[in-house]
Every structure is written in structure tokens, then in C-alpha cells.
Amino acid sequence: MREIPMYEPAKIEKKWQKIWADNKAFAATNDYSKPKYYTLIEFPYPSGQGLHVGHPRPYTALDIVARKKRMQGYNVLHPIGWDAFGLPTENYAIKNHVHPAEVTKKNIDHFRAQLQMLGFSFDYDREVDTTDPNYYKWTQWIFLQMFKRGLAYKSNMPVNWCTGCKCVLANEEVVDGVCERCGSPVVHRQQSQWMLKITAYAQKLLDGLDDVDFIDRVKISQRNWIGRSEGSEVDFQLEGTQDKLRVFTTRVDTLFGATYMVLSPEHPYIEKYKDQIKNYDALMEYRAAAQRKSDFERTEINKDKTGVEIDGLRAINPMTGKSIPIWISDYVLMTYGTGAIMAVPAHDERDWDFAKKFGLPIVEVVSGGKNVQEECYPDVATGTMVNSGFMNGMTVAEAKKAAIEYAIEHGFGERKINYKLRDWVFARQRYWGEPIPIVHCPKCGMVPLDEKDLPLLLPDIKNYEPTETGESPLSKITDWVNCKCPQCGGDAKRETDTMPQWAGSSWYFLRYCDPKNDMALAAKEALQYWMPVDWYNGGMEHTTLHLLYSRFWNQFLYDIGVSPVSEPYKKRTSHGMVLGTDGQKMSKSRGNVINPDEMVDLLGADAFRMYEMFMGAFDQAIPWSTTGAVGCRKFIERVWRLQGILTDDEGLSDDMKASVHATIKKVSEDFDGMKFNTAIAQMMTLVNELVKKGSVTRGEYKALLLLLNPVAPHVTEEIWEMNGFGAPIYTQPWPEYDEAAMVKDEVEIAIQINGKIRGRIMVPANLTREDADTLREHPDVVKAVGDKQIVKFIFVPGRLLNIVVK
RNA sequence: GCGGGCGUGGCGGAAUGGCAGACGCGCCAGACUUAGGAUCUGGUGUCUAACGACGUAAGAGUUCAAGUCUCUUCGUCCGCACCA
């Protein structure tokens, strides 16, 4: 046993981090002739709290992938940056009277130091920062391109108003009726808003999913979010007027059963027919009550339907010609479909509840259910049309076709595809965001800034407080607001809203390809070479927000010839959350937050990284366990101590050959398949075998260190160097395995009688099903069978032998 | 309510339909030690003195064989929210 020095992670980790930095070991090169690999993690929001133990999980996972791909000869782009605009920083700045830019800089420096402490192989030369004017210049540029093509527009819309942030939120940012960021209640409010027409890309965003390798959960969520539904739009004549009331329905077959209609309380016809409506005040009261509620409250009370009948306005069912009443109710949303529905209580649960409550007629048009007066019959798969004139006797499917054809022919309907996806509210009345590069001119209207005048810098101001009126703090800086119209040169005013935090993160993966370019958002050749991202990992919580937004921006940029690919991400995976030791989500209020700095002090970065990967399946939420993490530290020390039993043999010893090759295979495959925990378990098994054997050859040790390097990069480099194994591991090729070397002569298989284990025997490893009959003579088999009758003889090579007996 | 996931020892978790519990934590015993919260060795699902039986939330089914596939139920987590 040789004397070996103590393992001191603090020392060797700093040493290797410096060597990597000094040698730019992980810089992606611009050698476009090499095969490339682009790994991407969601760049962090540099919050004041610094890194928590959740961050390093996906970061370590893709660091492993990046390091392995480099060793396999790829030119790897593994970048990092900062998604630094946003409310928490602004709120902190307001509270502490510091400029958000200063706060941001401090937070970024802290984050970078923490990431470096963990030894991630990021290419720090390609860092991007969304708050850097050289970066947001291009965010603004993309906005202008959208504006010029009508995809960015202003609209007076009911918007979500956060009572805490004094700010408008996207629908997607409202969680359970409260603001996703601050938790304050969200109410509805009418406001003129910048919108991005993501709905124009609904179908493309849907279609694009067919060609990408995203985990199923992500695809399903995005499909549901986009929510395509095929149906029809049908016009109902407003009785006594020239107007028609248009509805969207997926059940046009049930048109004969439409016994009343329901409008959203915000429907414009209520204003339009104000004079004709006798209970206008009651309607207004109902509408006001509905608007005071958030979406959440509006739906909370859904067990008990509410509504008011419009007195003085009725519609004609186009099929029956009958006059039917019109109601308003908050369960009909202005933001989906046409803001009005035809109600078929016999065959729609909500309509049935509503009709029962208000005593409205229920007419069966599809037979096959029970009495529709007692129970709704919404089944579309079975049933025959009744009470439906020319459609009687048809199936539902036939009636759907017949009804819409009839409607088209008679000019009161058309086929229509609807999406749940809504346009993206793209403005914030806040300071810390990208200024929207638009000027309001009394003569020319909304005028885009000239591209050569970008970036439009965020002015330096003292007071960032949101205004009580809901206007941006920028509106108070008159010498910034007042400007000349780029078109006519006359006096004009700047747009004072800023962009939401999602803007900068919607295209950062393109900037990484060429982050310092000031002529374009990135050079064509760079984009051509690096895009698409080969592997993007991020949280499930971003599936319907960031992931969809960034696909939208990239598709737009593809359409205008900027991005070379229509889909930006080839593969998308998602990591599970790291929970507190109590199995609950980590949060300050619960007091179960684990600090990564403390963990690195205790364990070293290598053991910390290893535990993050070993703790459980990568895609599942796992509680943190510090004692479990100590086990990883012990394993690393075990690897370290192998130096004490190192021999001079450069090869593999005969009895280890199969294990070493099997480990190379298992680790290689498991890293690619995100099964980091079982890859590490396999390496632990190998080390256990080596310790048991009592010696390790240089060849065996090298193989182990190469495999372990992506997980524990510092300690493996140190051992490699101490024992003169050659140039640093980061320059070494990934080990290859030899299938032939793994083959053993004999394997143990189980003998089962009627599926129950009755013994184990050794058989030649290459024994095939055809040759297995010889096993009938095997003494152990004969013994196990006894005097019973063999009915069936099933041999699974390398696994087991199952004999069915009577 | 709809959609999706999950349910395996004391704990985290393994397991292309083919020997359930790999690997790690914890625990027990032993060795080496002045000492051990270091290291090494052995053990560790439940019941049983043992042979053996039972065992992957519960119940049924398919199969020579089910943690894995199908159905029902329960629990739990996540997403969505009256979507016409």
C-alpha cells in the first residue's frame, strides 16, 4: 500500500478551475468544418438570493453531456448568460434605492462566481446579458420586424391587472388568480396594450411539434395549450334587427336543440342595443360584478351558474325558425371563440346546468341517452338524430357534416378552426425592461424608430416607482418622452411601456452563436453552423410560456430569413425539482432551503455535482438528503484511495476486462439517455470490484477516471496528473468499449417450475433456444421436475428456464 | 371537472414482460484502532426455529412468466380551468 496525500477538494478544485480558464479549455471554436454539438440550459435570472440547489441539477446534467461530447471530438457550444430584466430586481432597487443596473451587475457577478465554483464547462467568452444595450438592441430590432409585419399591435383589451405590481400581466403569468411573481390578487381592467400575434403561428407551432424530439409531457402540454378545435361558426338572426349574432360551436349537429343563447357580459352588442334593452342597468351591474372577479373567482363559483336574461333582445334559431331568449353569463368568455354561444342544454353539461337553474327548455336532438329532462346526454360517439328536421335518423357524425353544408348553402355558417391560444400581452408599465422602440406622432400615428437609431437606451432615472395611474415610470421623464417623429420630424412622444421579461429569453439561443456581432443579431454562417440547439433542458414550468414564446420568435425569424431553422430546439428534456429534506418545495417561508455554498464547503464541488445526479431519476422531483450526499463524497475518496493500490500494468487485468468494458458501455449509454443515477451506480460497482481485487492497473484506473470525469471533473484531473497519465483529461478521447471483451463463457440462469424459482445453474453463455433442450438432462433440472409431466419448456437465453409441469 | 404523471424495504431509488429490491443512505455485527462520526469485512423486505411461504397502493384480468400490459378502485403530485 503506497502512501498517498490527503484529498483536499478546496485546493484541487480551485487549481483546475484556473487551468481551464487560463487555457480556455471549453471555448467553442469557429472551426465550422468540425461536427458541432449545441447544449443549452435555461439561462438563470440572477436573483439576489444567488444560486439554490435546484439550479445545479440541470446544469450538471448538460455539463456531463457537453464534456462527454467534447471528448468524443465534437465542437461543443455550451454557453451561459443572464436573463436579467425583471421585477424582483426592480422591486429590490426601489426598496434599497440602488439602480437596477447596479443590482443586476452585483447579482451576475455573484452567480458567475457560484457557477465557476461548481466547475461547469461553460464558454464564458460567450456570456450574454439581456440588459446589455448591445443585446437588447437586437431584442428591439426583432420587435420592429414584427411591428412592420403587423404581428405587434396595440389593442384595447381586458387585461390582467396585478394589484401588487401595479402592472399588466400576460394570461400565462396569472396563477390561481394571483400574480405569479408577487402573489397579489389579479383583477380585470380595460387598457390599450401592446400585443404580439402569437395566434398567427398557432398552427405552425402545432405542426412543428411533429418534427422535434421533445419529451412527451412537453409536447402534450403545448398541444393542449394551443388547444386546436375544429368546429363551425353559425349566425343567429337578432330578432327585429339587421344584425346577426355569431357563435362558435363544435356541435353544429345539435343546432335544432339550441333553445337559448348566452353572451359574455362584455359582448359589444349589449352596448349597441342599449336603447332597446329594458334591463340595461341590471346587465351592467352583472358585468361589473363579473369584472371585479379574477378569472379564478369567475370559475370558482362555477358549480352555481349565474346569469341575467336580456330583456328586449331575442334571436332566431336558423334551423327551427323559432325565437329564443338571450342571456348573459360569466361562464362565456369574450376571449375565446366569438364571445357568444348557442346553448343546447340536452347535450352540453354546462348548458344543462344553466337551463335547469333558470327553467329554460331542454329539447332532445340526439337519442340514445336517458331522459334529457333528468340527465344531460353529451356523448358524441353514439346516438341518432331526432327532432332535427331533415337530419332525423342520421348519426352525429353525418349530422355534423349535413348541418354545416346546409348552413353554408343558406349563408348562415362556415367551417372554422379555433385555438385556445391567445395573443401575448407584450407590455409592462415598468422601468426595468427593454424600451419599446415606437414613437407616437400626432400626425403620423405609431411610428417605428429607424433601425440605425437602435438601441433605444433605457434612460437613467432616480425614481422607478410604478405610477398609481398604471403608467410606466418612464412617462415621468419628459425630456426622454418628448422627441421628434422619425417620419415627419414634428413633435412626438415615445412609447413609455417596456417589454416583458420573456422578450430577452425568446431569442438568446441565437445570440450565443455569435454574441459580439454588432451588425446583426448573429452572423448567418454562425447560425447556419450552430443551429438548431441539439439538446435543451429546462423546467416544466416553462413549457407553455418561454418554450412556446421562443419557438414563436424563432419561427418568425425563420420566416423573414434570419434563423436558418424553423424549429430552434431539436431535443427538449425537463428535470425534476430538488425538494427540501421534508419533501416539500424549497422556500424561504418553509425554512427548508439548502445553500449550495455550504454544501460545496462540506463536500467539495465534485461530490456535490455527483449527488445532484445520483439522488434519483433526473426527471423526477427528489428531496435533498445531506447524508446521502456524504455518500458521494465517500465514493470520491474511495476513488482517490485507489492510488494506494495502483500497479505498473498499463493494460486491463483479465478478471476486470469484462467489467471495465461493461462499465464503459453502460456509462456511455446512460449519459446519453439522461440516466445519470444508474451510470454512477455502475461506476460504484466497478470501484467496489477493484477494491475487492486489492489492486488496480493503470489501464483500469484511466478508464474509470475518463468515465467519471464529466461528473467529477476536478478530482479526476488531479489523480490523472498525479500519476502521470498524460495530457489533461479534457483533451482526452472518450473511451471505447469492446462488445467481445464483455462476453463471459458461462452465465448463471434461474430454473423455474411453473414460474417459481427452484434453483440456479451455470450454462454456456451462447446457449440458444434450439440447443436448450439439452438442459432437460441437467441433473438439477431433472431433480426440480421430479416425476411430473413436462407441458412446456421455455428457455430465455442468458436469463432463465421456465418449465411448466402438470 | 378535464388532461398528464406517480404509488416498490426504515429512507433516496434499480429493474428491454424473464431471478424484485442494483447502487447509495441508515442500521446491526466483526476487524484494525488509545479513540472513531475514518477505513475494511459481513449482514440487513416481511413472516418462520427451520423447510418454506408471502411480498411492488387495493382488487380483477391477459400470459409459461406482470412492479412492468389491460380494466376498476383508492391515494398523491403537477398542469389547465365553465374552451362552446
Side-chain angles (χ1 to χ4, degrees), chain A residues 172 175-177 216-218 220-221 223-225 227-229 231-232 247-252 254 258 261-262 295-296 298-303 305 329-333 335-344 347-351 353-354 418-422 540-541 543-544 576-577 581 583 585 610-611 614-617 619-632 634-635 637-638 641 675 677-685 687-688 691-692 694 748-760 791-805:
Chain A
E172 291 89 330
V175 175
D176 291 345
D216 286 342
R217 282 191 293 165
V218 169
I220 291 165
S221 299
R223 288 202 180 104
N224 289 346
W225 190 265
R228 178 187 156 108
S229 86
S232 315
V247 302
F248 174 73
T249 177
T250 54
R251 294 295 306 273
V252 67
T254 62
M261 303 187 78
V262 186
D295 265 353
F296 182 65
R298 238 165 117 153
T299 59
E300 266 275 288
I301 52 160
N302 72 13
K303 272 138 210 132
K305 298 262 181 299
S329 176
D330 58 9
Y331 81 89
V332 177
L333 305 176
T335 44
Y336 183 78
T338 61
I341 62 158
M342 65 176 207
V344 185
H347 307 288
D348 182 287
E349 301 272 10
R350 289 151 301 155
D351 297 345
D353 290 344
F354 194 86
N418 244 320
Y419 301 91
K420 282 190 222 173
L421 186 69
R422 284 170 249 176
M540 273 314 279
E541 70 275 20
T543 303
T544 48
M577 245 188 302
T581 49
K585 201 171 160 171
M610 179 177 255
Y611 180 62
F614 184 64
M615 61 198 304
D619 59 356
Q620 241 133 61
I622 310 285
W624 180 269
S625 157
T626 302
T627 51
V630 168
C632 288
K634 284 187 189 167
F635 171 71
E637 296 219 34
R638 221 164 140 82
R641 280 197 308 272
K675 295 166 78 173
N677 52 339
T678 50
I680 291 167
Q682 175 71 30
M683 289 190 272
M684 287 174 167
T685 305
V687 171
N688 289 345
V691 169
K692 199 159 215 164
E748 190 188 62
I749 65 162
I751 301 174
Q752 295 182 340
I753 301 295
N754 290 346
K756 300 228 182 234
I757 303 286
R758 281 295 174 272
R760 294 186 170 81
V791 179
K792 222 168 181 179
F793 194 82
I794 298 147
F795 176 69
V796 184
R799 296 270 183 190
L800 55 71
L801 173 66
N802 187 17
I803 304 166
V804 184
V805 299

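Every heavy atom of this structure was used, including side-chain atoms; hydrogens, water molecules and symmetry mates were not. Numbered from 1 within each chain, the chains take letters A, B, ... in sequence-line order.
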Dump the pairs, protein N or O against N or O of nucleotides 40-46 of chain B, anything under 3.5 Å, distances to one decimal.
from, atom 1, to, atom 2, distance (Å)
B/C40, OP1, A/Arg638, NH1, 2.5
B/C40, OP1, A/Arg641, NH2, 3.3
B/G42, OP1, A/Lys692, NZ, 3.2

Between [atom2] of [N] and [atom1] of [X], the distance in whole Å:
X        : N     : atom1 : atom2 : answer
A/Met540 : B/C6  : CE    : P     : 12 Å
A/Leu800 : B/A65 : CG    : C1'   : 8 Å
A/Ile680 : B/A22 : CD1   : P     : 18 Å
A/Ile220 : B/G5  : CD1   : C1'   : 10 Å
A/Leu421 : B/C80 : CG    : C1'   : 14 Å
A/Lys634 : B/G12 : NZ    : C1'   : 15 Å
A/Ile757 : B/G55 : CD1   : P     : 15 Å

Using atom C1' of each nucleotide, how far apart are B/C19 and B/G79 to the nearest Å?
-> 40 Å
C1' atoms of B/G7 and B/A57, separation to the nearest Å = 6 Å
Determine the contact category for [X]: base if any of its heavy atoms lies under 4.0 Å from a base atom, sugar-phosphate if only primed atoms, P, OP1 or OP2 are that close, otherwise nothing.
X        : result
A/Glu637 : nothing
A/Arg758 : sugar-phosphate
A/Ala343 : nothing
A/Thr249 : sugar-phosphate
A/Gly227 : nothing
A/Ser625 : nothing

Can you find a heavy atom in the side chain of A/Ile341 that is under 4.5 Å from one in the side chain of A/Tyr331?
-> yes
Can you tell me if [X] touches the phosphate of [N], counting only side-chain N or O atoms and a distance under 4.0 Å to OP1 or OP2?
X        : N     : answer
A/Lys756 : B/C54 : yes
A/Arg350 : B/C83 : yes
A/Lys420 : B/C2  : no

Side-chain (A/Asp351) to main-chain (A/Val344) donor-acceptor, under 3.5 angstrom = yes
Hey, is the main chain of A/Ile751 close enough, under 3.5 Å, to the side chain of A/Asn802 for a donor-acceptor pair?
-> no
First encountered from the 5' end of RNA chain B, between A/Arg799 and A/Thr678 | A/Thr678
How do A/Val796 and A/Pro623 order along RNA chain B: which one's closest nucleotide is nearer the 5' end?
-> A/Pro623
Of the candidates B/C23, B/C80, B/C25, the side chain of A/Thr627 sits closest to B/C25
Output one line per pair: protein atom, nucleotide atom from nucleotides 60-64 of chain B, and distance, for all N/O pairs under 3.5 Å.
from, atom 1, to, atom 2, distance (Å)
B/C64, OP1, A/Lys792, NZ, 3.2
B/C64, O2', A/Asn802, ND2, 3.3
B/C64, O2, A/Asn802, ND2, 2.7

